[in-house]
Amino acid sequence: MTRTSVPPAILAAVSLLLATLWGFAVFGGWSRPAFCAGLEPSPDCADRLAPVASLSELVALVAAGTMGFAWFARRETLYGVAVAAWIAALAVLLFGGLAVR
């Protein structure tokens with residue numbers, strides 16, 4: 001059985017790309033039209049989406065902290081954890097947004 005590993009530079013790049021996607025979704029306003037437009041959304045959809053974004057921000061804070069620690073402490077094993085945390089932050093936003101709709 002061979003073990004393959006992903007180079008840390010690729011994991012760092014993926015983490016930064018996921019962070020950018022999450023930033024556009026939350027701070028760039030991509031989530032509001034994605035979840036509160038079309039198919040007769042409720043009028044208070046944007047208000048109900050705010051707590052979902054806040055919960056996603058907490059997960060993203062963990063992801064950013066992990067990424068920063070991995071970067072500055074040269075702990076290459078934490079890059080994978082940071083990628084998983086960014087995916088979790090996006091998943092919270094996706095499933096919470098679908099539930100709000």
Side-chain angles (χ1 to χ4, degrees):
M1 180 190 240
T2 61
R3 182 176 175 180
T4 59
S5 65
V6 179
I10 291 176
L11 289 174
V14 168
S15 183
L16 290 173
L17 288 173
L18 288 171
T20 303
L21 176 65
W22 178 85
F24 282 136
V26 173
F27 298 119
W30 287 6
S31 58
R32 188 165 294 142
F35 298 116
C36 295
L39 297 177
E40 298 181 32
S42 62
D44 62 340
C45 178
D47 294 334
R48 289 183 294 144
L49 190 60
V52 171
S54 296
L55 181 60
S56 179
E57 287 172 9
L58 290 175
V59 179
L61 184 64
V62 171
T66 304
M67 184 64 193
F69 184 73
W71 185 281
F72 290 115
R74 307 267 187 217
R75 301 283 307 262
E76 295 171 347
T77 56
L78 290 178
Y79 286 132
V81 175
V83 168
W86 282 118
I87 291 172
L90 286 166
V92 166
L93 189 62
L94 172 68
F95 293 118
L98 290 175
V100 162
R101 190 163 206 199

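Just so we're clear, the structure is a prediction, and the values are computed from it rather than from any experiment.
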Tell me whether [X] shares a hydrophobic cluster with [Y], the cluster being built from Ile, Leu, Val, Met, Phe, Trp, Tyr side chains joined at under 4.5 Å.
X	Y	answer
Met67	Val59	no
Leu98	Ile87	yes
Tyr79	Phe72	yes
Leu94	Val83	yes
Phe95	Leu93	yes

Next item on the list: State, yes or no, whether a side-chain contact exists between Leu78 and Trp71 at a heavy-atom distance under 4.5 Å.
Entry: no
Tabulate below the donor-acceptor pairs under 3.5 Å that side-chain atoms of residues 10-34 make, not counting sequence neighbours, or state none.
residue, atom, partner, partner atom, Å
Ser15, OG, Trp86, NE1, 3.2
Thr20, OG1, Leu16, O, 2.8
Trp22, NE1, Ser56, OG, 2.7
Ser31, OG, Ala25, O, 3.0

Note to self: Quick check: closest heavy atoms across Phe35 and Leu49, and the distance to 0.1 Å?
What the structure shows: CD1-CD1, 4.2 Å
